[in-house]
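Working notes, beginning with the structure itself.
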Amino acid sequence: MNINTAEIIPTKAIRKLDALFLQDETLQQNQEMKDKILLWAKELLLDVRKEWNDLHSLAIENMVIQERKAEAAKSGKNRDNKYAPFREYFKKVQETKFHECYKEGRIMTANSFVLWFLDNKAKDMKIPYCSTNQKNKLVQLAQANNREFKKAFAC
């Protein structure tokens with residue numbers, strides 16, 4: 001392993017190490033031992049720097065992931081706020097229709113309500129969901145509302 005000491009071990013540390021070598025008589029005369037100690041120090045510092053770089057990279061990756069999660073949550077809240085007025089209106093209409101059907105002794109399914117809603121109420125309003133997926137989203141919303149209505153009637 002042929003590594004330039006100045007690139008790995010700072011000059012101040014080399015001076016301290018030289019001072020230690022000068023204080024020990026056996027090390028003063030044993031160049032091979034000095035070289036082994038320097039090699040060990042280089043390898044140690046290289047390993048520690050590599051570990052630090054790995055930890056630093058991992059920390060940055062985690063920060064980016066957390067930032068993306070926070071951004072996604074914020075975007076989700078904004079989207080939810082955009083759809084909230086429509087969902088409330090949809091729920092009120094569905095609840096009224098649910099009670100009508102319940103009084104008549106019929107069961108209103110989510111699919112039947114969505115079809116009725118699209119035929120009767122949706123013509124004069126803008127539904128905020130994408131037109132290609134509109135029916136599926138309305139069915140999901142109607143199913144969730146139906147579960148809530150059924151729980152209320154079960155009490």
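Sorted by first then second residue, the side-chain hydrogen bond (donor to acceptor under 3.5 Å, both in side chains) pairs that include residues 73-97, not counting sequence neighbours, are D80-R87, K91-E148, Q94-N145, Q94-N146. Identified under the salt bridge (Lys or Arg N to Asp or Glu O under 4.0 Å) test for residues 56-73, with sequence neighbours left out: none. Within the structure, ring pair (Phe, Tyr, Trp, His ring centres under 6.0 Å) contacts touching residues 55-74 (residues at least two apart or in different chains) are W52-H56.
Residues I37 and L44 fall into different hydrophobic clusters, defined by Ile, Leu, Val, Met, Phe, Trp and Tyr side chains chained together at heavy-atom separations under 4.5 Å.
For the pair L138 and F86, the minimum side-chain heavy-atom distance is below 4.5 Å. Between T109 and S112, some side-chain heavy-atom pair lies under the 4.5 Å cut-off.
The CG atom of D47 lies 8.5 Å from the NZ atom of K50; values are rounded to the nearest 0.5 Å. Expressed to the nearest 0.5 Å, how far CD1 of I60 lies from CG of L55 amounts to 11.5 Å. The CG atom of N30 sits 8.0 Å away from atom NZ of K36, with the distance rounded to the nearest 0.5 Å. We find the CG-CE distance between L38 and M33 to be 11.5 Å, quoted to the nearest 0.5 Å. With values rounded to the nearest 0.5 angstrom, C101 atom SG is found 3.5 Å from R106 atom CZ.
None of F117, F98, W116 except one satisfies the ring pair (Phe, Tyr, Trp, His ring centres under 6.0 Å) rule with F90; the exception is F117. No option in L141, V139, L118, V93 other than V93 meets the side-chain contact (heavy atoms from CB on, under 4.5 Å) test with F113.
Of the possible donor and acceptor atoms, none in the side chain of N133 sits under 3.5 Å from a partner among the backbone N and O of N136.
Looking at Q31 and D35, their side chains do bring a donor and an acceptor atom within 3.5 Å of each other.
More than 12 heavy atoms of other residues, nucleotides or ligands sit less than 6.0 Å from atom CG of L115.
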